[in-house]
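Just so we're on the same page: letters track the sequence lines, and every chain starts at 1.
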There are 2 protein chains.
Amino acid sequence: MATIRDVAQRAGVSPATVSYVLNNSGPVRPETRERVLRAIAELGYHPHAGARQLKRRRSDTVGLILPTGERRLSDPFFLELIHALGDACADHQLDLLIATCRDPAADLRLIDRLYKGRRVDGFLLIDLQRRDPRIPHLQAAGIPFVAFGRIEGNGEFPWVDVDGEAGIREAVAYLVERGHRRIAYLSPPLSFTFAHHRLEGYRKGLAEAGLPLEEALIRIARPTMEAGYEAARALLVEGIPFTALIAATDLMALGAMRALHEAGRIPGQDVAVIGFDDIPMAAQTHPPLTTLRQPMDQIGQALIRTWLAAVRGETPPPTLIQPVLIRRESA
Amino acid sequence: MATIRDVAQRAGVSPATVSYVLNNSGPVRPETRERVLRAIAELGYHPHAGARQLKRRRSDTVGLILPTGERRLSDPFFLELIHALGDACADHQLDLLIATCRDPAADLRLIDRLYKGRRVDGFLLIDLQRRDPRIPHLQAAGIPFVAFGRIEGNGEFPWVDVDGEAGIREAVAYLVERGHRRIAYLSPPLSFTFAHHRLEGYRKGLAEAGLPLEEALIRIARPTMEAGYEAARALLVEGIPFTALIAATDLMALGAMRALHEAGRIPGQDVAVIGFDDIPMAAQTHPPLTTLRQPMDQIGQALIRTWLAAVRGETPPPTLIQPVLIRRESA
DNA sequence: TCCTGGAATTGAAACGTTTCAATCCCGGCG
DNA sequence: CGCCGGGATTGAAACGTTTCAATTCCAGGA
């Protein structure tokens with residue numbers, strides 16, 4: 001494999017000059033640059049990442065911890081997120097390192113190994129819990145990171161999030177405007193921060209419309225299709241009347257629609273349904289799902305931009321991204 | 001950040017000894033080892049990945065190229081795959097580097113950059129095409145890789161694949177046994193190798209049952225829910241009679257079920273439906289989908305095992321994994 | 001008591017960059 | 001014609017490991 005010395009020799013210059021060309025640091029005569037570039041192309045030279053990392057003291061790599069096992073993320077939403085992150089990384093010449101972790105205890109050890117070993121320059125945290133042990137750990141260790149999501153009390157750290165509260169409020173307003181008065185709400189456990197915000201949106205939305213908050217209409221269920229199904233079925237079985245239903249994630253909405261179908265109540269006709277996320281499948285359900293889109297590209301870009309700032313040692317401001325109501329036939 | 005010298009000093013030994021302890025190479029007195037380990041723990045030392053990479057001439061990192069843009073993989077199946085890969089990597093102390101790539105031309109450049117820069121030791125290829133330009137490129141450059149899937153003619157390279165032919169044949173046999181004679185089949189474009197194999201399974205399955213192959217029952221459509229929907233709808237609109245339908249992916253099956261519902265034909269009752277993949281959602285459709293499960297953990301393990309062998313310079317044999325028919329209510 | 005040999009330990013040289021400081025080159029000015 | 005100054009180039013020292021070869025240590029045999 002060619003090294004910088006090989007390139008230097010071939011171009012008839014010193015390695016230092018090659019380095020200057022490579023990094024656009026230092027003054028190089030245009031003609032020399034030309035020769036160096038030609039040598040690079042001819043040799044098919046690519047700088048050794050490890051050597052660079054060693055010398056520059058950074059790896060230009062973003063760390064992403066993916067929980068597996070029990071906590072595994074099976075929402076297709078995350079595949080979209082990974083895509084968006086990958087794209088945003090590519091735009092900034094960064095690499096994306098995915099590390100998986102079976103149990104929460106190992107999370108922190110993994111973080112240390114990757115960071116102290118300089119394998120990554122900082123982290124992206126996803127699937128945030130309201131009280132997330134990773135946050136204090138990272139803060140204490142002075143490891144740069146950006147969270148996708150917030151924690152209880154909006155601690156002092158860089159984050160990017162989608163405004164779930166505003167989104168759900170908009171959904172409620174939309175339904176109210178269409179004459180709905182009894183709107184059920186499917187919420188994931190409040191240990192997820194996003195669940196908390198979205199529920200808040202539901203509350204405020206009702207309040208703004210002057211509607212009472214009825215506890216029986218609110219169901220807590222895991223953010224999966226199955227749990228959404230069960231929760232909606234429970235509502236139906238218990239005979240709680242409602243003409244519309246908002247689910248905090250599309251997956252839950254899909255489950256709910258299945259329950260409605262089974263009960264002979266046509267979604268979009270007998271019961272309005274609204275989801276959240278706009279996973280690709282949402283456009284293809286029966287009927288197509290009205291939902292709040294999380295603008296993935298924007299999210300990816302914001303996360304990486306913020307991450308870069310954090311790694312540079314700045315304290316970038318949080319970013320709150322507005323979801324977009326996508327009207328389809330389910331509501 | 002602590003270095004190996006710090007550890008050495010603290011333990012009262014030379015860096016070489018610390019290295020021996022770290023890697024279990026070279027003889028070390030148990031008592032010395034103890035002292036070194038204590039120093040490591042006290043300092044919270046983690047070896048610098050870049051330095052290691054430089055010296056050992058390998059990075060212990062698996063490269064995975066994720067196409068985005070047009071070719072983006074939005075099948076939730078891939079999220080499962082990423083999880084499985086992450087787990088398998090963790091088992092072998094490997095890291096997983098995800099690189100994204102918008103256009104096919106850039107694929108090859110990306111591969112070169114990552115490999116020649118020793119950022120990764122080799123690649124995992126997914127989303128294989130029947131004639132995949134990446135394969136000859138990697139072979140010519142002598143870059144280790146393992147493909148998840150085959151190409152036309154089963155070229156001479158390491159691969160792991162799920163036996164789509166056997167799977168679909170089993171599905172056909174299963175349906176025939178239940179009295180079905182007119183079985184529609186939804187196939188992705190044959191430029192995907194897996195589509196080719198699965199279609200072959202359909203052909204052979206029919207032949208084994210002594211049923212004629214009717215071209216009108218075979219529909220080619222992109223492996224998305226939307227395309228599955230359209231294809232099934234076309235069948236229905238054209239009035240082609242069929243009592244069962246096999247889709248080459250779950251996503252297509254979901255689309256088909258939607259078309260059936262819309263046409264008033266209840267899946268699992270009026271028409272048997274079988275998918276392929278067993279994405280998490282398959283258990284939650286209406287009705288739950290009978291499908292051929294791709295055993296993800298097995299796949300991840302096989303891929304990484306094979307990858308390791310390939311990186312060591314061996315020429316590991318291909319692995320063909322059997323899918324498992326999961327009976328649910330759709331067929 | 002000295003020597004031997006194997007086990008344990010160490011010193012130092014690499015791995016391939018980047019970057020500081022030093023040197024070289026050359027046109028223009030005095 | 002010599003010198004100056006600034007741009008261009010280079011040499012060499014890191015960065016933090018691993019590993020070869022050399023050295024030290026020590027128990028046991030002669």
Is Arg119(B) close enough and on-axis enough to Tyr115(B), meaning under 6.0 Å and within 45°, for cation-pi?
no
Residue pair [X] / [Y], side-chain donor-acceptor N/O under 3.5 Å:
| X | Y | result |
| --- | --- | --- |
| Gln53(B) | Asp60(B) | no |
| Thr68(A) | Asp87(B) | yes |
| Thr61(A) | Asp95(A) | no |

Residues 124-151 of chain A vs ring-ring contact (aromatic ring centres under 6.0 Å, His included), sequence neighbours excluded, gives Phe145(A)-Phe157(A)
Just how large is the angle between the end axes of the helix from dT1(C)-dA30(D) to dG30(C)-dC1(D), five pairs per end, to 10 degrees?
70°
Determine the contact category for [X]: base if any of its heavy atoms lies under 4.0 Å from a base atom, sugar-phosphate if only primed atoms, P, OP1 or OP2 are that close, otherwise nothing.
| X | value |
| --- | --- |
| Thr3(B) | sugar-phosphate |
| Pro27(B) | base |
| Ser25(B) | nothing |

Using a 6.0 Å cut-off, check whether atom CZ of Arg312(B) has over 12 heavy atoms from anything other than its own residue.
yes
For atom CD of Gln9(A), is the number of surrounding heavy atoms from other residues, nucleotides or ligands below 6.0 Å larger than 12?
no
In whole Å, what is the span from the [atom1] atom of [X] to the [atom2] atom of [N]?
| X | N | atom1 | atom2 | result |
| --- | --- | --- | --- | --- |
| Arg57(B) | dT19(D) | CZ | P | 11 Å |
| Arg5(B) | dT9(C) | CZ | P | 18 Å |
| Arg58(A) | dT18(C) | CZ | C1' | 11 Å |
| His48(A) | dT18(C) | NE2 | P | 12 Å |
| Asn24(A) | dT19(C) | CG | C1' | 16 Å |
| Ile4(B) | dG16(D) | CD1 | C1' | 8 Å |
| Leu54(B) | dT18(C) | CG | P | 12 Å |
| Gln53(B) | dG16(D) | CD | C1' | 13 Å |

Using a cut-off of less than 4.0 Å, is there contact between a side-chain N or O of [X] and OP1 or OP2 of [N]?
| X | N | answer |
| --- | --- | --- |
| Arg56(B) | dT18(D) | yes |
| Arg29(B) | dT9(C) | yes |
| Arg52(A) | dT18(C) | yes |

Let me confirm one number: the OH-OG distance from Tyr20(B) to Ser14(B), rounded to the nearest 0.5 Å.
8.0 Å
Please tell me which of Gly50(B) and Thr17(B) maps to the more 5' nucleotide of DNA chain D, matching each residue to the nucleotide holding its nearest heavy atom.
Gly50(B)
Picking from [options], which would you name as closest to the side chain of [X]?
| X | options | value |
| --- | --- | --- |
| Asn23(A) | dT10(C), dT9(D), dT18(C) | dT18(C) |
| Tyr20(A) | dC20(C), dG16(D), dT18(D) | dC20(C) |
| Lys55(B) | dT18(D), dT18(C), dT10(D) | dT18(D) |
| Val28(A) | dT19(C), dA21(D), dT9(D) | dT9(D) |

Select from Pro15(B) and Tyr45(A) the residue whose nearest nucleotide in DNA chain C is closer to the 5' end of that strand.
Pro15(B)
Given that Ala16(A) and Pro30(B) both sit by DNA chain C, which one's nearest nucleotide is further toward the 5' end?
Pro30(B)
